[in-house]
J.: 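Starting off with a structure, shown below.
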Protein chains: 2
Amino acid sequence: MVQLSDVAKRAGVSTASVSRVLNHPDKVSPRIREQVTLAMEELGYVRDGAARALASRRSYSIGSVVPTIGIGIFASGVERLQQRLQEYGYQLLISTTQYDASKEMDAVRSLMERGVDGIQLVGQEHDPQIYKLLTARGIPYVNTYQYDADNEHPCIGFNNHRSAWALMRHLLELGHREVGIVTSPTRLNDRIAARLQGMLDCLKSYGIDQPASRIIEVPHRIADGRSGARALMRAHPELTAICGTADALAIGALFELHDMGLKIPSDISVAGYDDLEIGRHLDPTLTTVHVPVEQIGQRVADYLLGRIEGRSMPMKTELEANLVLRESTARPRPASVKTAAG
Amino acid sequence: MVQLSDVAKRAGVSTASVSRVLNHPDKVSPRIREQVTLAMEELGYVRDGAARALASRRSYSIGSVVPTIGIGIFASGVERLQQRLQEYGYQLLISTTQYDASKEMDAVRSLMERGVDGIQLVGQEHDPQIYKLLTARGIPYVNTYQYDADNEHPCIGFNNHRSAWALMRHLLELGHREVGIVTSPTRLNDRIAARLQGMLDCLKSYGIDQPASRIIEVPHRIADGRSGARALMRAHPELTAICGTADALAIGALFELHDMGLKIPSDISVAGYDDLEIGRHLDPTLTTVHVPVEQIGQRVADYLLGRIEGRSMPMKTELEANLVLRESTARPRPASVKTAAG
DNA sequence: TTCCAACCTGTAAGCGCTTACAGGATACGG
DNA sequence: CCGTATCCTGTAAGCGCTTACAGGTTGGAA
């Protein structure tokens, strides 16, 4: 394989000069720069990242540990992050955890072994070992998709609790009092836990002590939203609204309720959280909370690169997660009479 | 930072032994293995991947170059690939091209610099430079999401042309003759081009020479499917079916036609291609072609790892992409009278 | 007992690059 | 014309690991 010294020989300069035109072109005279560039092209030189990383103690890559990219909102964020990194000559390594804490630990370890210069984590509750490792090695990291002013770690995200509260308040302001909640598992998922808590706290502030039976926990998919909604309605036919802690679940609920012969929003309201693209197209369009995924991806890149280059960066950045009012929510029927079917 | 020699010192053995327990534990006596393992834990040793890669000429990572993971089918495939790699101690580096050929070249170069041991590409038409680079360096690679027996490069995928043909045949067999096609750009996208061609060839085999005006090319999103369908219907109110080269477009068409007051499938049939999760939940559920994304992801991992380890692997593996008949397609109305609205 | 094979372990030579440092030109002011 | 500051370039010492090779033990066959 052609290597740096071959280029140097061909260009009639030292390896140091070749390395310089690659890494600090401004520190080299135009004449040498040209010769070297030419030689590299003629030989089809591709630099060896392992050697570069070993010598420079920088891998020019960053790692991202997310629960999943197959479903939900993370894919777009990861993509935006990757694009941004590419602009700066960095590579993205990705690992998924499937919401499994031990896999998260393994993923971080694996990324550290690969020498990533920075790491994105999702959420803020992680194995203390993870923080310890990261800190010990001095690797910049950032928690994402959750903003928490009191947490001691850097983060880029939004306030899940507050925006979920706002979503629930919207339903309560419309007049709903019997609200079912479909949620994905809250264990090991602080974002969803915060959303759920936000909803419950909001209910409480309206004097409603939500019984556990009106909360159902299911997996992440649309089909789970369906079965969740069905179970909820069977146990609580009095419900006038169903709120999901994620769009996939709300969308499932929408379909299932529709199949049960209920009209949305006239018979029952439905609201979600995430603002998936499909939500604005459904009939009815889905009321939800917009999550600024692309923004997060980009900010993560900027934050991490800044830290890597030694710039001082704000520890925390809070982004907006705004309510998006659409057609799936409306006032409950004035009478409690309902045309149930299905 | 604690390094191999520290572990060796602590365990009272040579660095070679430490390296061996890490890479070839069976070539080391149990006694030393234990001592070393203990020492590593006590010191919190994390191995340096750059040094390892440089010395062993292997990075234990593979690269994936996909058009996008934010929309469409690739995210799940990438996720499955990543999971599989993780099982074998490999890391996944990902790059997206946004369907831009020059970005693909850059991505491959960047991955090669990082020393990936193998590369997944999507489609089979790539800059010859890419194949040249890959071959020159002897890096295993595989084209995906397209199976083509005649192509000279290894691939793991399905026959886009044939399954698109089958999809169109389904419509024709139902009795449709006036079919509109909504497609995403075919330039630089051989999979979509093959699907479109499959549809056109099928039409031709039924004696139909599809006029260009009944084919509309739009971007990849649901909203584009909507506008595509609307434009098609405006120009060709006689259409009895709309076929999309991707589910996102078909789903957009479904929504738009519905908004136009048309009943699906009684007024007009709609079919897509990809089998996105949402398709089976819509009302009507969407007729489509199932794409075995997870299978592809897994096979890519197995193929690449096999090649890396020097095993001989089948050059080409063809997977099934089967028709999934659902509710959105039916016989056209017997009379040509139509209740148009909207 | 002797010899050889089998099995472990240690020694040390790189892997291909970056970069501190030294040294040679060059330019400019005095 | 000399001294000094400035700017480039080259020399060479690693970066932390893997692995070929050599050398030492052990056990069994002769």
Side-chain angles (χ1 to χ4, degrees), chain A residues 1-37 39-40 43-61 89 110 112-117 137-138 308-309, chain B residues 1-37 39-40 43-61 89 110 112-117 137-138 308-309:
Chain A
M1 232 44 270
V2 21
Q3 57 193 65
L4 203 72
S5 54
D6 299 322
V7 176
K9 202 168 296 168
R10 175 99 175 202
V13 301
S14 71
T15 58
S17 287
V18 178
S19 175
R20 279 191 205 101
V21 347
L22 246 15
N23 300 303
H24 313 282
D26 48 310
K27 288 190 195 300
V28 160
S29 71
R31 211 168 77 79
I32 287 199
R33 208 181 307 150
E34 272 168 36
Q35 285 168 228
V36 169
T37 308
M40 287 198 299
L43 296 171
Y45 173 68
V46 175
R47 55 138 131 31
D48 184 317
R52 174 154 100 127
L54 182 58
S56 69
R57 311 279 60 214
R58 291 270 293 276
S59 68
Y60 297 91
S61 66
S110 165
M112 286 180 53
E113 285 192 359
R114 262 70 181 190
V116 293
D117 298 329
R137 290 234 151 186
I308 290 168
E309 270 145 34
Chain B
M1 233 41 272
V2 22
Q3 57 193 66
L4 203 72
S5 55
D6 300 321
V7 176
K9 202 167 296 170
R10 176 101 176 198
V13 301
S14 71
T15 58
S17 288
V18 178
S19 176
R20 278 192 205 101
V21 348
L22 246 15
N23 300 304
H24 313 282
D26 49 309
K27 287 190 195 301
V28 161
S29 70
R31 214 169 74 80
I32 286 198
R33 208 180 307 149
E34 273 168 37
Q35 286 168 229
V36 169
T37 309
M40 287 197 301
L43 296 171
Y45 172 67
V46 175
R47 61 140 124 32
D48 184 318
R52 175 154 99 126
L54 182 58
S56 69
R57 311 277 61 212
R58 290 269 292 277
S59 68
Y60 298 91
S61 65
S110 165
M112 286 181 53
E113 285 192 359
R114 261 70 181 191
V116 293
D117 299 330
R137 289 234 151 187
I308 290 167
E309 269 145 35

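Each chain gets a letter, A, B and so on, in the order its sequence line appears, and its residues count up from 1.
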J.: Of all the heavy-atom pairs spanning Val13(B) and Val36(B), show the shortest one and how long it is.
T.: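 Of all heavy-atom pairs spanning Val13(B) and Val36(B), the closest is CG2-CG2, 3.9 Å.
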J.: Would you please say whether a donor-acceptor pair under 3.5 Å links the side chains of Thr37(B) and Arg33(B)?
T.: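 Their side chains do not contain a donor-acceptor pair, so the 3.5 Å distance test is not met.
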J.: Hey, is the main chain of Lys27(B) close enough, under 3.5 Å, to the side chain of Arg20(B) for a donor-acceptor pair?
T.: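 It does not hold such a pair.
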J.: With a 3.5 Å distance limit and no angle check, can you tell me whether Arg137(B) reaches the backbone of Val46(A) through a side-chain donor-acceptor pair?
T.: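 Confirmed, Arg137(B) side chain pairs with Val46(A) backbone.
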J.: At the 4.0 Å heavy-atom cut-off to chain B, mark where contacts on DNA chain C begin and end, going 5' to 3'.
T.: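 The protein-touched segment is dC8(C) to dG16(C).
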J.: I'd like to check Tyr60(B) versus Glu113(A) (side-chain heavy atoms, cut-off strictly below 4.5 Å). Are they in contact?
T.: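 Answer no - side chains too far apart.
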J.: For Ser19(B), which contact category applies under a 4.0 Å heavy-atom criterion: base, sugar-phosphate, or nothing?
T.: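 Base, at least one base atom sits under 4.0 Å.
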J.: Looking at every heavy atom in both Ala50(A) and Leu54(B), which two are closest together, and how far apart are they?
T.: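 Shortest heavy-atom contact: CB-N, 3.8 Å.
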J.: Can you tabulate the close N/O pairs, meaning under 3.5 Å, that link protein atoms to atoms of nucleotides 7-9 of chain D?
T.:
residue, atom, partner, partner atom, Å
dT9(D), OP1, Ser29(A), OG, 2.5
dT9(D), OP2, Ser29(A), N, 3.0

J.: Is the shortest side-chain heavy-atom distance between Asp26(A) and His24(A) below 4.5 Å?
T.: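 Side-chain contact under 4.5 Å: yes.
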J.: Spell out, as yes or no, whether a donor-acceptor pair under 3.5 Å connects the side chain of Ser56(B) to the backbone of Arg52(B).
T.: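 Such a contact is found between Ser56(B) side chain and Arg52(B) backbone.
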